[in-house]
Structures are given as C-alpha cells and as structure tokens.
> 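Please read through the structure below; I'll follow up with questions.
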There are 2 protein chains.
Amino acid sequence: MSTATAESRPYHHGDLSRALVDAARKILETDGPAALSLRAVAREAGVSPAAPYHHFKDKAELLEAVAHEGWHELDVALSTARASTEDPRARMTNLGVAYVCFARDNPALYRVMYDRSRDKDALPDQLKDDGAYCQVRDTINENGGGHVSDIDLELATIAAWCAGHGLAEMIGFKQFAPLKELLGGEEAFLRAVFEHLGMFAKFTAIQD
Amino acid sequence: MSTATAESRPYHHGDLSRALVDAARKILETDGPAALSLRAVAREAGVSPAAPYHHFKDKAELLEAVAHEGWHELDVALSTARASTEDPRARMTNLGVAYVCFARDNPALYRVMYDRSRDKDALPDQLKDDGAYCQVRDTINENGGGHVSDIDLELATIAAWCAGHGLAEMIGFKQFAPLKELLGGEEAFLRAVFEHLGMFAKFTAIQD
DNA sequence: AACCAATCTGGACGATGCTTAGATAACGCA
DNA sequence: TGCGTTATCTAAGCATCGTCCAGATTGGTT
C-alpha cells in the first residue's frame, strides 16, 4: 500500500475528502475525464477503492464536489475580468472572453461542471444568487444604465450565458483554426465572435 | 424491422449494422445515454456481445454512426424551418427555434452528437459543405443581402451556432421554468431569447 | 480504561469494453 | 453440383469499473 503521493500514511487519513477531490482534479488535468474512475481517484490518494464511500455517497457526489470548486474558480476568473476596465461595453466583452478562456484552460474541469449540470437539468443554485451567472447579469445591467426591465435583463443574461457556453464548448474545434489564424490568434477570434452577439441592441436603444 | 427479439433468427443476421444502430437509438430514447452500453445494444438486437465488433471497430464507432444519423435529421429539421416563411429575419429566428426544439425532442441523441464531437474536437465535416451549419450561414447571408464579407459571415454563423447550441443544452434547466411560464410557454421563451441575439446588427447597418 | 462511532481494508458481485478461438453459413468458382 | 474461401456469429475469458459488505483499526468521549 502507501502508493501515496508522499510517505506512509496512518490508517486514518486525516482529510480524505479534500485529498480525494484533489486527486480527482489531478487525474482530470493529466489524463482527462475518460480516465476519471473512482478507483483511480482512490489509488491516487493512496487509499483502498472503498474508502471514498465514507465521504461521498457515490461517484456522482464526488464529481459534484469537483464541479463546485470549478464553478467557484470560474467565479473568481469572471470577477477579475470584470474589474479589468471601466468601459461597460468592453467590460462585457472581457467577461465573455474570460469565460471561454477558463473553459479552454480547464477543459476537463469545465466538462465535469456541465456534465453534472445536465444530469441534474439545472445549473448550481448558488450561481443565481452570488455566482458567475450573477456577474454576467450585473454587467449587462450596467450596460443598460439600470433602465432595463427585469424580464429583458434575465433574457439578455440567458442569451449571453448560452452563447458563452456554446463558444466555450467549441473553441477548440478544428474547423475554427483557419479563422483564428486569419484574425491573429485565438483571443482576437473570441473578441470578433462576441462582437457579433448584440445582447445590447435593445438596451442601447433604450438609452438613446 | 423484425429485429428478432421474438422468433428464431438465422445464424447470420442479414443487416446487423442497421439493426445495431436502430437498437442503440431505441435504448437512447427509452433509457437515456447512461444505459447505452455495447452489450445492451447487442442484447436489444438479439445477438451476442461480441457480434457488433464485426461491424464497428469499437463503441465509439457505433456512436459515430448514431451521431451521423442525428446530424442528418437535424439537417432535415432546419430545412423545414427555413422554408417556413419568406421574411428573412423571421426565418433566422425560426431556424434557431427549430434547432433548439430538435435538441429538446431528442435530448439523448443530441447529447451523443456533441459528445462525439467533443471527443474529436471537431464538428462533422459534412456540416460545413452542405449540412446544418451551412443552412445557418446561408440564412444569415440572405439577411445581409449578399453584401457581407466572408469573414463577417463566418463569424456571425459561429456566433449563432454557439448561441443555439448553448441554449439547446440548457433549455431544460429548472432555473428557466418560471421565465418560460411568464412568457407563455417554451417556444415563446425561445423566441424571446433569440430576440436578444443580434447577429444582424452589423448586417442591417450595412444594408441601411 | 473502556467503549463508541468514524474511518479504512480486503474481498466480492455484477456489469462493462474488448479480445481470442472456434463454429456456422453464405458466396464464388470449379 | 460440390468445395473452399471468407464474412459473420458465439462462447469464453480478461481487466476494469461502481458499489456493497464484514471485519479491522483508530480517535474521541466518558
């Protein structure tokens, strides 16, 4: 035993929940989602295949914990992007670019996040109250100068979120490679695509 | 087509490839993607677990065939929607609604289609030449009256495609239920979201 | 010191994807 | 018509998976 990442562990691990989530994320990063088995996670944490069941009901619950971390980190990334400029219009574009870049830089994690959401037919609840989704809504609201109806604001947020997610899932697709090169890199490509999404048309009209 | 779960079937099946794809789709519809194992497919087709390997290299290749059928059917659905009206602007919205409705009505199939694409980091090649993707591009081009640059046309198509895909993956999410009810049903909700996607802002500006 | 509850192990069960060896039958050619 | 070639299918087996169980170990309470 003690295939552990470090020296020989005591019988009781100490903080196995944490170690399991960390092990899962390490496997995700190095070998991708296909290699993420519960047994592999236990192996990576230096523990027997049955040990995780004392901390997580089943594999899905472990993935839930991993996804939760992912959403939080996405939240942080969006916060940073949001603070990057004063111009509200540019801020919105930066937010979109940051979203897609997060998915590009953490493809396996992003996939787990949405696989779990699709299984539950719902995004994590925290997103709506003070998470990433909320940041998109607030930024859009700033664009409208506060004159936007609740319904329009919600619809625009959904539209933006869906576009961001769609792009995030396809950003690595081979078909886009020539266009990316033509436009001078992936980020320029991203900005150009977001330029074509006019979530603000209605709001700027209201402002005028 | 006499998939022989009943009467005695001859040693050689006749058209097992077809039967396997049909069996896979039936399992997808009734039990969802999680239940789609190669062995279950073979069982459903009334054949030994090893038989599929004489027609498909592995499970992924079977799913590839299933996905291929899905893309073709999506293509048909978009064609129908495209012919539904003369107004080019409304035609574009109808196209988006039809796309999302296809995903809503065939959730498991849609998931297989994109799972396969993500594994290959590419959409099916046929899409670009005369498939669903091409229909979106053509419809957008009609909107621009042919005055759109190739690059802008491609970018707008990508933007629309990504937004449609994002919405398609999330249309069933619980968080959207109240808004759907408020707007008078799912299709009204869809139209409202697509209203907020201004893929045409640039083009209408060109036309004006 | 003694007990309890939490934690971990070893082993097992059924199911999966896939491989191999051998059985069967359809097809082309004499 | 007969025969061999080849495609197709079965049976059995391997490694792995998710999950459960009985029993061993331990830290925390009293």
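Every chain is numbered from 1 and lettered A, B, ... according to where its sequence line falls, protein lines coming before strand lines.
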> Could you give all pairs that pass the salt bridge (charged side-chain N to carboxylate O under 4.0 Å, His left out) test and reach residues 50-62 of chain A, with sequence neighbours left out?
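Non-adjacent pairs meeting salt bridge (charged side-chain N to carboxylate O under 4.0 Å, His left out): zero.
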
> May I have the distance from A:Asp15 (atom CG) to C:dT7 (atom P), rounded to whole angstrom?
11 Å

> Measure from the side chain of A:Ala50, starting at C-beta and using heavy atoms only, and say which of D:dG18, D:dC20, D:dC17 lies closest.
D:dC20

> Using heavy-atom distances to pick each residue's nearest nucleotide on DNA chain D, tell me which of A:Ala35 and B:Ala51 is more 5'.
B:Ala51

> Apply side chain to side chain contact (heavy atoms under 4.5 Å, CB included) to A:Glu169 and list each qualifying residue two or more places apart in sequence or on a separate chain.
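Partners of A:Glu169 under the side chain to side chain contact (heavy atoms under 4.5 Å, CB included) test: A:Tyr110, A:Arg118, A:His165, B:Arg118, B:His165, B:Glu169.
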
> Of the listed nucleotides (C:dC8, D:dT10, C:dT16), which one gets closest to any side-chain atom of B:Ser37?
C:dT16

> Distance check, rounded to the nearest 0.5 Å: B:Leu127 atom CG versus B:Ser117 atom OG?
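Rounded to the nearest 0.5 Å, the CG-OG separation comes out at 7.5 Å.
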
> In Å, rounded to the nearest 0.5 Å, how long is the span from CG of B:Leu28 to CG of B:Leu109?
7.0 Å

> Taking CG from B:Leu20 and P from C:dG17, how many angstroms apart are they, rounded to a whole number?
13 Å

> Where along residues 52-66 of chain A does a heavy atom come under 4.0 Å from DNA chain C, residue by residue in number order?
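Contacts with DNA chain C under 4.0 Å: A:His54, A:His55.
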
> Sorted by first residue and then second, give each salt bridge (charged side-chain N to carboxylate O under 4.0 Å, His left out) pair with at least one member in residues 129-140 of chain A; sequence neighbours left out.
A:Arg137-A:Glu154

> side-chain hydrogen bond (donor to acceptor under 3.5 Å, both in side chains): which pairs involve residues 26-37 of chain B, sequence neighbours left out?
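Every side-chain hydrogen bond (donor to acceptor under 3.5 Å, both in side chains) pair that includes a residue of residues 26-37 of chain B, provided the two are not neighbours, is B:Lys26-B:Glu44.
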
> Looking at residues at least two apart in the chain, or sitting in another chain, which of them share a side chain to side chain contact (heavy atoms under 4.5 Å, CB included) with B:Ala42?
B:Val47, B:Pro52

> Going by the rule side chain to side chain contact (heavy atoms under 4.5 Å, CB included), which residues pair with B:Ser79 if we only count those two or more places apart in sequence or in a different chain?
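In terms of side chain to side chain contact (heavy atoms under 4.5 Å, CB included), with neighbours along the sequence ignored, B:Ser79 is linked to B:Asp75, B:Gln135.
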
> Any residue in residues 115-122 of chain A with a heavy atom nearer than 4.0 angstrom to DNA chain D? Just list them by number, or reply none.
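None, since no heavy atom is under 4.0 Å.
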
> Please name all residues satisfying side chain to side chain contact (heavy atoms under 4.5 Å, CB included) with B:Glu186, sequence neighbours left out, ordered by chain then number.
B:Arg104, B:Ile171, B:Lys180

> May I have the distance from B:Arg43 (atom CZ) to C:dG17 (atom C1'), rounded to whole angstrom?
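In whole Å, C:dG17 C1' and B:Arg43 CZ are 13 Å from each other.
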
> Just call it for A:Pro49: base, sugar-phosphate, or nothing, with non-hydrogen atoms closer than 4.0 Å on any strand.
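It contacts base atoms.
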
> Between A:Ser48 and A:Arg39, which is nearer to the 5' end of DNA chain C once each is assigned its nearest nucleotide?
A:Ser48

